[in-house]
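A quick write-up on the structure given underneath.
Remember, it's 1-based here, ligands and their atoms both numbered in the order they're listed.
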Amino acid sequence: MVAIKALKSIWLDGKLVPWESAQVHVLTHGLHYGYAIFEGLRCHSTPTGPGLFRLPEHIRRFLASAKIYRMKIPYSQEQLERACIDLVKDNGITDAYLRPIAFSGYGEMGLDPTRSPTQVAIALWSWGAYLGEENARTGVRASVSSWTRMDSRSLPPQAKCAANYANSGLAKMEAVAAGYDEAILLNSAGMVAEGPGENIFRVKNDIVSTPPASSGILRGVTRDSVIQFVADEGLIFRRSDFTREEMFTADELLFTGTAAGITPIREVDGRAIGTGTYPITQKLQKRYDDAIHGRSKQYAHWLTLIR
Ligand SMILES: Cc1ncc(COP(=O)(O)O)c(C=O)c1O
């Protein structure tokens, strides 16, 4: 685990402040009750300067998460997009992970978050491949979690709320303690949902599938990009549920996410997946890599270039 290295500034409640000054009180409401919604997006170097990948989509999901939680964000889509751009420029960085977050701030305690002021921040730091650079090539070892993914009757998975990540954290810790790299969570119907911070895809007989949004997942922006890549590769795509045993018999399995990128899964619960080669995953990785680094005209509209 690499500690976060301090950069120059953080955007906090409408302005850029020095990194060290971006502080909150220990009685910040959201810290106690998990009432915070957040995003994760990346900026990469391109031949024409740093480029934010799918910035409008990430900010749209941020505002949708806030809406689900009755959180009033005092900034517009445009203002938040601008704030991300200003932050990257101010820190003079080309490759970074950006973390917009809104939370119930210091005000009142008790379970009604609307009685505390909403605070909004955007931080960024340098973050390599979440599941490891090497693993992105060779694949990760995953285990099916004993924890069930929470569903929209309890905590809506389509809102990227901090509270959801207590469920993710339980699954992640269990997997790591058992010697695996990552967990795979089933939903309350026993079907495959997603990883703690990634969506999942299955390849079988050249057909690519991923669980539908109704299976209790976050609608990933990377998932959406991969669905497009699958179509552009001329492969058949299905939004369909699959079972634990259909993972064991897959030709390829892969995680997708802003933090993890596109990472093949080489083993699930001691069963090797496919032949240990990832021909389709590699094609999708190549498209993704070209898209995020501004090497593809086809996906150039997904980049917000910072000049
Ligand atoms: C639970 C969960 N599922 C899926 C994803 C992948 O989403 P995205 O591709 O938008 O990063 C993430 C990451 O944000 C996540 O936390």
Ligand-side contact atoms (ligand 1) for residue partner T258, heavy atom cut-off under 4.0 Å: 8 (P), 9 (O), 10 (O), 11 (O)
For the residue pair W302 and Y299, does the interplanar ring angle fall in the parallel (under 30°), tilted (30 to 60°) or perpendicular (over 60°) class? parallel
Ring-plane angle category for F53 and Y288, please: parallel below 30°, perpendicular beyond 60°, tilted otherwise. perpendicular
Hydrophobic cluster identity match, L41 and I292, side-chain contacts under 4.5 Å: no
Heavy atom of the protein closest to atom 5 (C) of ligand 1 (residue, atom name, distance): G197 O, 3.6 Å
Nearest protein heavy-atom contact for atom 16 (O) of ligand 1: which residue, which atom, what distance? Y165 OH, 2.4 Å
For I262, does its backbone N or O pair with a side-chain atom of Q285 as donor and acceptor, under 3.5 Å? yes
Path from M191 to F201 over hydrophobic side-chain contacts below 4.5 Å: no
Using a heavy-atom cut-off of under 4.0 Å, does the side chain or the backbone of K160 touch ligand 1, or both, or neither? side chain
Using distance alone, determine whether H58 and ligand 1 share an N or O pair under 3.5 Å. no
Look at ligand 1 and say whether P196 reaches it with a heavy atom at a distance under 4.0 Å. yes
Ion pair R54/D224, N-O distance below 4.0 Å: yes
Among R219, E194, R54, whose heavy atom sits nearest atom 3 (N) of ligand 1? E194
Where ligand 1 meets G257 - atom numbers and elements under 4.0 angstrom, heavy-atom basis: 6 (C), 9 (O), 11 (O)
May I ask you to list the atoms of ligand 1 that are less than 4.0 angstrom from any heavy atom of V221? 8 (P), 9 (O), 10 (O)
contact_flag R61 ligand 1 heavy-atom lt 4.0 Å: yes
Give the ring-plane orientation class for Y69 versus Y35, where under 30° counts as parallel, over 60° as perpendicular and anything between as tilted. perpendicular
F237, CZ: over 12 other non-hydrogen atoms inside 6.0 angstrom: yes
Nearest protein heavy atom with distance in Å, relative to atom 9 (O) of ligand 1: T222 OG1, 2.6 Å
How about R219: does its CZ atom have over 12 heavy atoms from other parts shown lying under 6.0 Å from it? no
Report the nearest protein non-hydrogen atom to atom 7 (O) of ligand 1: residue, atom name, distance rounded to 0.1 Å. G220 CA, 3.4 Å
Under a 4.0 angstrom heavy-atom cut-off, which atoms of ligand 1 come close to R149? 1 (C)
